[in-house]
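Since the structure comes first, as structure tokens, the remarks are kept for the end.
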Amino acid sequence: MAASNRDKPRLEGLEAKWDAKWEASGIYHFAAGKPRHEVFSIDTPPPTVSGSLHVGHVFSYTHTDTIARYRRMSGMEVFYPMGWDDNGLPTERRVQNYYGVRCDPSLPYDHTFKIPADAGNATRRKQLAVSRPNFIELCQLLAAQDEKVFEGLFRRLGLSVDWTRTYETINDDSRLVGQLAFLDNLAAGHAYQVEAPSLWDVTFQTAVAQAELEDREVPGAYHRLRFSIVGPDWVRSDSALTGVCTDTRSADAHEIWIDTTRPELVPACVALVAHPDDDRYRSYFGRARAITPVFGVEVPILAHELADPDKGTGIAMVCTFGDTTDVTWWRELDLEARTVIGRDGRFVLEAPDWIAAADGRAAYARLAGLGVRSARSAIVEIFAESADMHGKPRPITHPVKFFEKGDKPLEIVGSRQWYIRNGGRDAELGAALIKRGSEIDWVPSYMQTRYRSWIEGLNGDWLISRQRFFGVPIPLWYPLDADGEPIHGQPIVPSADELPIDPCTDVPVGYDESQRGEPDGFVADPDVMDTWATSSLTPQIACGWRRDAELYASTFPMDVRPQGHDIIRTWLFSTVVRAHFDADTVPWRVAAISGWILDPDRKKMSKSKGNALVPTELLERYGADAVRYWAASGRPGTDTAFDEGQMKIGRRLAIKLLNASKFAGGFATLDESTNANDSVTLNATTHSVSISPWLITATTDKSMLARLADLIDAATEAFEAYDYARALERIEAFFWWFTDNYMELVKPRAYGEFGPDRAASAVQGLRLALSNIQRLFAPFLPFVAEEVWSWCNDGSIHVEAWPTPAPLRHVAGDIGADVCEVAAEALSAVRRTKSEARCRLRTPVPRAKFSGPSHRLSLLSSVIEDVKAAGVIESVEMLADVNDLTNITVDARLEPPDTQPVSKTNQPTSGADPSPT
RNA sequence: GGGCGUUUAGCUCAGUUGGUCAGAGCACCUCCCUUACAAGGAGGGAGUCGGGGGUUCGAAUCCCUCAACGCCCACCA
């Protein structure tokens with residue numbers, strides 16, 4: 001280490017310097033072959049690389065890194081891989097925008113395809129149609145670029161990831177694992193396909209799963225519509241009419257009014273439903289039938305518990321399908337399916353055959369081809385013309401289900417989809433999965449509640465098939481019958497050694513390509529799996545499941561899954577499901593849940609709100625250690641306010657560590673200086689400076705070490721509980737006490753005021769303490785800790801042993817932590833007296849009187865030499881004061897300062913008597 | 001509608017089984033260029049611990065209740 005670097009230690013440049021050295025030395029590489037109990041394996045969250053970098057990445061990944069570094073120093077072989085989530089819709093969408101293309105699966109692969117010249121800046125209105133294989137290539141290309149950006153940030157942040165162990169959720173390995181696991185699930189009956197109504201995003205033209213839904217409050221309106229009543233069995237009952245529609249005063253009782261927010265779905269109406277106990281409608285059930293307005297379709301009037309008598313008129317129109325309740329009614333009441341909205345979200349062009357009346361068909365013609373919103377306007381006009389709508393639509397705001405990534409309300413359409421069982425239709429499986437949750441240690445513990453309540457609220461199995469392109473393909477083909485129709489019940493399953501496959505380009509054994517799509521030939525399952533179907537296998541992907549038995553045995557089940565609380569229902573839950581099926585175990589022992597970053601308004605920071613900050617700017621401004629300090633002060637699971645002030649404090653802390661280390665290393669001890677005359681600076685070329693604990697003889701030094709030992713216990717205990725924030729808080733508090741009090745107390749002695757032996761004790765005490773303090777800070781401030789460590793040691797601090805208290809207690813012997821605390825308190829009292837007298841701290845004190853309880857005074861007397869020297873006190877008097885049970889107070893007689901204090905208002909304010917007379 | 005969390009100084013937050021628990025840092029004010037550190041250092045003022053009840057010798061801490069904020073979930077016609 002060049003001495004010049006130590007003259008004025010700086011933080012600038014440390015990140016590039018040490019990142020390069022860590023990369024070169026490979027200290028974070030996982031050494032395979034260790035037994036499971038010596039390995040600490042981390043299921044790192046693969047960031048969505050198509051998203052933008054934001055401070056949230058810095059925040060939660062730092063938490064994990066502190067844990068990883070702690071475990072590494074504690075002697076564990078840390079398995080800390082990094083995945084990139086490039087699979088799925090976000091990448092597709094980014095590729096579309098970035099290159100100005102869209103995927104057209106009907107096109108053949110274009111070998112001559114060239115990347116559009118305006119990539120990154122594509123503003124063409126008309127997107128270029130490209131084949132599915134070309135589109136996937138673009139996805140992979142762009143994802144690879146994006147991954148570099150993320151890796152750059154994470155390296156800059158100092159994550160101790162093993163960068164030789166990265167994976168992409170779309171790479172061959174992930175596809176292999178995803179397809180193997182799927183085929184396992186299929187063979188075991190955990191995966192199945194069914195033709196059923198499912199939630200459908202009309203923009204992305206894909207089915208979506210329950211876990212991907214979110215409710216949004218949107219404006220809507222109630223429309224009160226008239227249905228006529230017919231039926232040979234129906235006997236009119238006046239009582240039955242009471243309240244049916246109090247505000248229409250209809251003289252004709254042969255009608256029912258319903259309120260709906262989806263009037264455009266009247267052509268898809270299949271029934272009216274009211275509560276079985278509702279006296280207003282009871283007489284209709286099973287006897288009368290209703291005629292839909294305008295369209296003239298006859299539908300039954302039925303009873304069902306889910307109908308809410310207090311909503312609208314108490315009777316609901318069942319359509320196929322307006323919402324999930326419609327699906328329930330459709331299924332439980334065994335109703336027909338009358339679909340009018342196609343997969344593109346538009347009304348089908350052909351008038352449905354169940355609408356027989358000419359008026360009805362004419363009315364439908366006005367809806368054909370329209371989107372939902374336009375159709376709603378159109379039908380309101382139609383009903384207004386026919387006088388089947390009472391009054392005007394009554395505006396309301398109501399929650400509507402959206403795909404979390406979409407911006408149009410979801411529709412429900414019937415389609416054939418693949419599902420994996422997740423307990424949503426099987427109480428026994430649900431209970432087993434809830435029990436798995438109890439086998440995991442949750443940090444913080446209350447997060448388990450979210451997991452449990454999500455499972456308890458499931459209303460169906462996990463829909464995994466997506467009608468998209470950039471994902472892991474469902475690895476199946478279907479035989480075609482003589483008419484060219486697929487036989488879905490007899491899928492053609494590839495063998496494991498064929499995987500991964502893309503059935504759209506690969507051909508099943510026993511067929512050849514010419515038979516694709518031909519009668520008696522085969523056809524590919526065109527779908528890909530949902531991105532969570534791959535992400536749910538991150539432990540299997542990272543740990544080498546079915547590919548590397550040794551790695552798998554030493555890393556799985558993993559130790560910890562760090563993640564945000566917003567994806568407990570998706571990533572966490574689905575991972576538990578897969579491990580339950582694949583390995584009959586939980587995937588990890590601990591789930592460490594991070595909170596979110598809130599901006600100063602206590603809103604979640606997000607790009608859409610325009611308040612997200614670019615993390616690279618923060619790293620530039622404050623340095624990685626400072627940003628990590630801020631991140632690590634956010635407690636597990638707790639949402640944390642974005643606070644640049646904390647980064648400033650972190651920066652100051654890092655600088656303090658530099659300077660304190662420089663001071664401690666800047667002395668030559670007796671044994672070292674014998675050959676170097678009276679040199680007082682550490683030989684700049686000497687590495688591996690020895691620490692000689694046996695030279696520590698002074699009570700102050702021993703007591704400080706006892707206090708440090710207590711700190712190590714506290715920090716270790718906090719880390720074992722995954723509470724990095726508590727560990728940091730304790731370490732930091734000790735360190736400031738150490739610099740402000742201990743270092744000031746021993747400074748005169750270290751400079752030799754009491755002779756070489758006493759100096760050696762101080763210097764060795766400083767060195768031993770700093771050696772421990774540097775290691776305690778290493779998980780939080782890896783760059784500055786490595787820098788200061790390198791001044792006196794060979795090798796990286798990050799593979800040094802985590803401090804243990806026993807050696808320090810051995811040195812301390814029977815001296816307790818309380819001695820130096822009393823000394824610090826006495827010194828502080830002296831300083832206060834001087835400060836209140838507006839004197840310099842170097843002002844000599846001719847006589848100081850310390851008063852306090854006798855047991856504390858006796859502790860003080862054992863270290864009074866250091867207190868006198870640090871306080872520049874010439875003589876001391878001690879007065880036991882039984883009234884003052886706790887505190888040391890000082891009555892110092894101060895001489896006139898060498899120079900007059902700057903302030904003119906030289907007024908003592910309390911306690912001390914600074915009068916110079 | 002159900003559930004989870006939060007509420008302590010102007011700000012950001014500690015406060016572990018009830019008893020040195022009224023704390024830290026920032027900000028503010030005063031002083032100090034001191035041989036690790038002026039991007040420093042030494043001091044100081046500042047809070048009805050969200051409100052109300054209760055248990056206890058004693059409550060920021062335990063119980064009940066209310067309120068505000070945030071989040072999760074819910075069948076939203």
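Throughout, protein chains are lettered first and strands after them, A, B, ... in sequence-line order, and every chain is numbered starting at 1.
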As its Watson-Crick or G-U partner within any shown strand, both distances under 3.5 Å, C62(B) has G54(B)
Is there a Watson-Crick or G-U wobble partner for A67(B) with both distances under 3.5 Å, and which nucleotide is it?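 Answer to the pairing question: U7(B), which forms a Watson-Crick or G-U pair with A67(B).
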Listed nucleotide nearest any side-chain atom of [X], set [options]:
{"X": "Ile649(A)", "options": "G41(B), C26(B), A77(B)", "answer": "C26(B)"}
{"X": "Lys656(A)", "options": "G41(B), C75(B), G43(B)", "answer": "G41(B)"}
{"X": "Trp329(A)", "options": "A39(B), A77(B), G70(B)", "answer": "A77(B)"}
{"X": "Arg651(A)", "options": "A42(B), G25(B), A39(B)", "answer": "A39(B)"}
{"X": "Arg569(A)", "options": "C4(B), C75(B), C73(B)", "answer": "C73(B)"}
{"X": "Met317(A)", "options": "U12(B), C4(B), A77(B)", "answer": "A77(B)"}
{"X": "Tyr446(A)", "options": "G43(B), G5(B), A77(B)", "answer": "G5(B)"}
{"X": "Arg450(A)", "options": "C13(B), C71(B), A42(B)", "answer": "C71(B)"}
{"X": "Gln210(A)", "options": "C73(B), G43(B), A74(B)", "answer": "A74(B)"}
{"X": "Arg730(A)", "options": "U16(B), C4(B), A77(B)", "answer": "U16(B)"}

Side-chain N,O ([X]) to OP1/OP2 ([N]) below 4.0 Å:
{"X": "Asn459(A)", "N": "C75(B)", "answer": "yes"}
{"X": "Ser828(A)", "N": "G43(B)", "answer": "yes"}
{"X": "Thr261(A)", "N": "A77(B)", "answer": "yes"}
{"X": "Arg652(A)", "N": "C26(B)", "answer": "yes"}
{"X": "Lys311(A)", "N": "C75(B)", "answer": "no"}
{"X": "Lys747(A)", "N": "U34(B)", "answer": "no"}
{"X": "Arg831(A)", "N": "C31(B)", "answer": "no"}
{"X": "Arg840(A)", "N": "U34(B)", "answer": "no"}
{"X": "Gln448(A)", "N": "C72(B)", "answer": "no"}
{"X": "Arg832(A)", "N": "G44(B)", "answer": "yes"}
{"X": "His398(A)", "N": "A77(B)", "answer": "yes"}

When we call it a touch if two heavy atoms are under 4.0 Å apart, what does [X] touch: a base, just sugar-phosphate, or nothing?
{"X": "Met447(A)", "answer": "nothing"}
{"X": "Gln646(A)", "answer": "nothing"}
{"X": "Thr325(A)", "answer": "sugar-phosphate"}
{"X": "Ala733(A)", "answer": "nothing"}
{"X": "Thr328(A)", "answer": "nothing"}

Under 6.0 Å between ring centres: does that hold for Phe780(A) and Phe719(A)? yes
Begin from the C-alpha positions of Phe403(A) and Trp200(A) and carry the test ring pair (Phe, Tyr, Trp, His ring centres under 6.0 Å) through to its verdict. CA-CA 8 Å; Phe403(A) 177 35; Trp200(A) 184 267; over 10 Å; no
Using the six-membered ring wherever Trp is involved, compare the ring planes of Tyr281(A) and Tyr284(A) and label them parallel, tilted or perpendicular (cut-offs 30° and 60°).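 Plane angle between 30° and 60°, so tilted.
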Parallel, tilted or perpendicular, as decided by the 30° and 60° cut-offs, for the rings of Phe735(A) and Phe777(A): perpendicular
Using whole Å, what does the distance between atom C1' of nucleotide A77(B) and atom CZ of Arg262(A) come to?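 Atom CZ in Arg262(A) sits about 11 Å away from atom C1' in A77(B).
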Does the base of U6(B) carry an N or O that pairs as donor and acceptor with the side chain of Arg635(A) under 3.5 Å?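 No such pair is found, so the answer is no.
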Report yes or no: is the cationic atom of Arg216(A) (NZ for Lys, CZ for Arg) under 6.0 Å from the centre of the six-membered ring of Phe402(A), at an angle within 45° of the ring normal? yes
With a cut-off of under 6.0 Å to the ring centre and 45° to the axis, is Arg652(A) in cation-pi contact with Trp736(A)?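 Judged by the rule, Arg652(A) and Trp736(A) form a cation-pi pair.
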salt_bridge(Arg621(A), Glu644(A)) N-O dist < 4.0 Å: yes
